[in-house]
Amino acid sequence: MKLTILGYWGGYPTRNEGTSSYLLESGDYHLLVDAGSASLIALEKHLDPLELDALLLTHYHADHIADVGVLQYTRQLKRLDNNERRASVLPIYGHQEDIENFSRLTMDRITKGVGYSKDDVLTVGPFEITFMKTLHPVPCYAIRVKEINTGRVLVFTADSGYLPQFIPFSQDADVLLADTNFFKGMENHRVHMTSIEVARIAKEAKIPKLILTHLPQEADLDLLKAQAINESPKTEVILAKKDLIIHI
Ligand code: ZN
């Protein structure tokens, strides 16, 4: 499968780069994971938004859903071709622990909200997806995405403070995409993880590649990366970057 980073800042966009959004592709199937601020314009460089097959949301914080409304308008107003063909109804997967936000995922004939819950094993096109509830001020789910025909696995922590359950949940994944909003010294925070905590998950779960994301805007990101490498020297550590493509 192919992972393309569309946005990776935590909280707010800056310097022409946006917040959480990731395009996951396998064959000709295109799954968007989270739709943060500036994600739609970043997506357009890689894929016509009308060609998306599904959107999955980890939680309803604004930096993960800011562009959901404009994605709905895009699919309502833009046409596939000169014959005025519309895009198909887009499934948007989200949890149902916030009914007000979940209800906004459905727009008549344009998008359809599809609920998931923690014990589900969801088949989304070529992917099998399982969930883990994270430590965050609002209900939020980490996802383990397996490409069914290859068995390759991506784990995305979504937003979370450190939880030991991340280790069994992430075990033997090929890539860990992890919320690394904080530097060493901020461990055991209840909202986000540090460079040390995400590296510990990669090390304990035997994951060869770690991508640091949900990054702080005004900080020395090379230091953040160095801290992670120091904690888990055998792990390849990568800073998320707009348009970065990782083949998993
Ligand atoms: Zn959040």
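For clarity, every value in this text was computed on a predicted model and none was experimentally measured. Ligands are counted one by one from 1 in listed order, and the atoms in each one are counted from 1 as well.
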| said: Only N/O/S atoms count here: what is the atom of H59 closest to the Zn ion (ligand 1) called? | reply: NE2
| query | Closest to the Zn ion (ligand 1), which N/O/S atom of D159 is it? | reply |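 The nearest such atom is OD2.
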| query | Do the charged groups of K203 and E197 touch, with an N to O distance under 4.0 Å? | reply |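 No, this pair does not count.
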| request: Applying side-chain hydrogen bond (donor to acceptor under 3.5 Å, both in side chains), name anything that partners H61, two or more places apart in sequence or on another chain. | output: H59, H136
| said: Below 2.8 Å, can you find an N, O or S atom of C140 next to the Zn ion (ligand 1)? | reply: no
| request: Check whether any N, O or S atom of H61 sits under 2.8 Å from the Zn ion (ligand 1). | output: yes
| Distance (rounded to the nearest 0.5 Å) between T134 OG1 and D159 CG | 7.0 Å
| field | Other cluster members, L43 - Ile/Leu/Val/Met/Phe/Trp/Tyr, side-chain contacts below 4.5 Å | value |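 Taking Ile, Leu, Val, Met, Phe, Trp and Tyr as members, L43 shares its hydrophobic cluster with L6, L23, L32, L40, L47, L52, L55, L57, Y60, I65, V68, V70, L71, L90, I92, F102, L105.
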